[in-house]
**Q** 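Sending over a structure as structure tokens; questions will come in a sec.
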Amino acid sequence: MLEKLFSLGYSKTFAERYYQLWGERAVKIAEAMEKPLPRCFRVNTLRIEIPKLTKLLNKKGFQFKRVPWAREGFCLTREPFSITSTPEYLSGLLYIQESSSMYPPVALEPQPGEIVADMAAAPGGKTSYLAQLMKNKGVIYAFDVGEERLKEMRLNLSRLGVTNTIVFHKSSLYLSELGIEFDKILLDAPCTGSGTIHKNPERKTNRTLDDVKFCQNLQMKLIKVALENLKKGGILVYSTCSLEPEENEFIIQWVLDNFKVELLPLRYGEPALVKPFGIKLSEEIAKARRFYPDKHSTSGFFVAKIKKLE
Ligand code: SAM
């Protein structure tokens, strides 16, 4: 069992951790992560209605099925040539997006006219979905520190026709400098990315427990800033593409222990882990959700929806 994980290239530390977390299923998860993910896209309803675009693509021979948790999301089942070379892609009628990444904006449910922060935004996949759900009305304050990723983000936002977003090349640890109480905040946190091995196989070997600790530390700082800048009754969605409980369930447990908040239920995905590594967490944590490559054909992904009570 552990040998199988070693043969797939996992270090002893991570193979043992994954076996502790999922038992035999750890191999299924790891094997699923060796296969490429289906290519998925989001219809950009800022530019076109869903049936109009699906018809245009069908005519060219593309076939796809719906993403269950995202009205605008589809995954290709037939791609006669690269969808990125179509005029539909080039003119911003669609955005290529992994299906689990579509869930955080849907879970946040931003409304037209609201004031929203996206605390780790580049290259803008989720920001542009937020803008779409807000019908370009209201304001999104989008932060990131990655210069190259921000360049890509500006191109994406312009191609997609997003006009309600202000992009800051700045750490969102300084969010309070804006002096705004946000209606909603998305924190798609920087993480070890251990759920994205299919795209980044080197992560099997080059990530250590120190990296997990480093990310956890930053995530705690960022989520604290998020809660401090949210209005009372406001909603925070926290997500990562990490498999590690330290970056997911343990962060949410820390929030439940230190802030006046309520965890809100989410419909899709599997319940988050309530006893990772045998450590008993609050039963509430099961309301947060995990997506798994072996079950959902997605990256390993985590989403939690938090309401600020006071
Ligand atoms: N939400 C993006 C999307 O859907 O396209 C992906 C975001 S990625 C998971 C995490 C991002 O966090 C990276 O772009 C990284 O540059 C950014 N980041 C890291 N530290 C940050 C900080 N202190 N403030 C803002 N962004 C940060």
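Heads up: numbering here begins at 1 and tracks the sequence. All ligand and atom numbering here is 1-based and tracks the order in the structure.
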**Q** To check your reading of the model: name the closest protein heavy atom to atom 9 (C) of ligand 1, its residue, and the distance in Å.
**A** Asp188 OD2, 3.6 Å

**Q** Tell me which protein heavy atom sits closest to atom 4 (O) of ligand 1, plus the residue, atom name and distance to 0.1 Å.
**A** Lys126 NZ, 2.9 Å

**Q** Would you say Ser101 contacts ligand 1, with heavy atoms under 4.0 Å as the rule?
**A** no

**Q** Any N or O on Gly124 sitting closer than 3.5 Å to an N or O of ligand 1?
**A** yes

**Q** Within a 6.0 Å radius of atom NZ on Lys60, are there more than 12 heavy atoms belonging to other residues, nucleotides or ligands?
**A** yes

**Q** Measure the distance from atom 25 (C) of ligand 1 to every protein heavy atom, then report the residue, atom name and distance (to 0.1 Å) of the closest one.
**A** Met119 O, 3.2 Å

**Q** Numbering the atoms of ligand 1 from 1, which are under 4.0 Å from a heavy atom of Gly146?
**A** 16 (O)

**Q** Answer with yes or no whether the hydrophobic clustering places Met153 together with Met134; edges join I, L, V, M, F, W, Y residues whose side-chain heavy atoms lie under 4.5 Å apart.
**A** no

**Q** Which protein heavy atom lies closest to atom 15 (C) of ligand 1, and at what distance to 0.1 Å?
**A** Asp144 OD1, 3.4 Å

**Q** Mark yes or no for whether Thr196, through its side chain, and Lys199, through its backbone, hold a donor-acceptor pair below 3.5 Å.
**A** no

**Q** Are any of the N or O atoms of Ala120 closer than 3.5 Å to those of ligand 1?
**A** yes

**Q** Between Tyr141 and Phe182, what is the ring plane arrangement, given parallel below 30°, perpendicular above 60°, and tilted in between?
**A** perpendicular

**Q** Considering distance alone, does some N or O of Tyr95 sit under 3.5 Å from an N or O of ligand 1?
**A** no

**Q** Please tell me whether Phe41 and Tyr95 form a close aromatic pair, meaning their ring centres lie under 6.0 Å apart.
**A** no

**Q** Nearest protein heavy-atom contact for atom 24 (N) of ligand 1: which residue, which atom, what distance?
**A** Ser172 N, 3.0 Å

**Q** Looking only at protein heavy atoms, which one is nearest to atom 27 (C) of ligand 1, and how far off is it?
**A** Val145 CG2, 3.6 Å

**Q** Would you check if there is a donor-acceptor pair between the side chains of Glu247 and Gln219 at a distance under 3.5 Å?
**A** yes

**Q** Look at the aromatic rings of Tyr18 and Trp22 and report parallel, tilted or perpendicular, splitting at 30° and 60°.
**A** tilted

**Q** Side chain or backbone, does Ser171 bring an N or O within less than 3.5 Å of an N or O on ligand 1?
**A** yes

**Q** Within 45° of the six-membered ring axis of Tyr292 and under 6.0 Å from that ring's centre, is NZ or CZ of Arg25 located there?
**A** yes

**Q** In terms of atom number and element, which parts of ligand 1 are under 4.0 angstrom from non-hydrogen atoms of Arg149?
**A** 6 (C), 7 (C), 8 (S), 13 (C), 14 (O)

**Q** Show me, pair by pair, the donor-acceptor contacts under 3.5 angstrom made by side chains of residues 259-266, not counting sequence neighbours?
**A**
none

**Q** Purely on distance, is any nitrogen or oxygen of Leu222 under 3.5 Å from one on ligand 1?
**A** no

**Q** Any chance the SGs on Cys40 and Cys75 are under 2.5 Å from each other?
**A** yes

**Q** For Asp118, is at least one N or O under 3.5 Å away from an N or O on ligand 1?
**A** no

**Q** Show which atoms of ligand 1 fall inside a sub-4.0 Å distance from at least one heavy-atom site of Ala122.
**A** 2 (C), 5 (O), 6 (C), 7 (C), 14 (O)

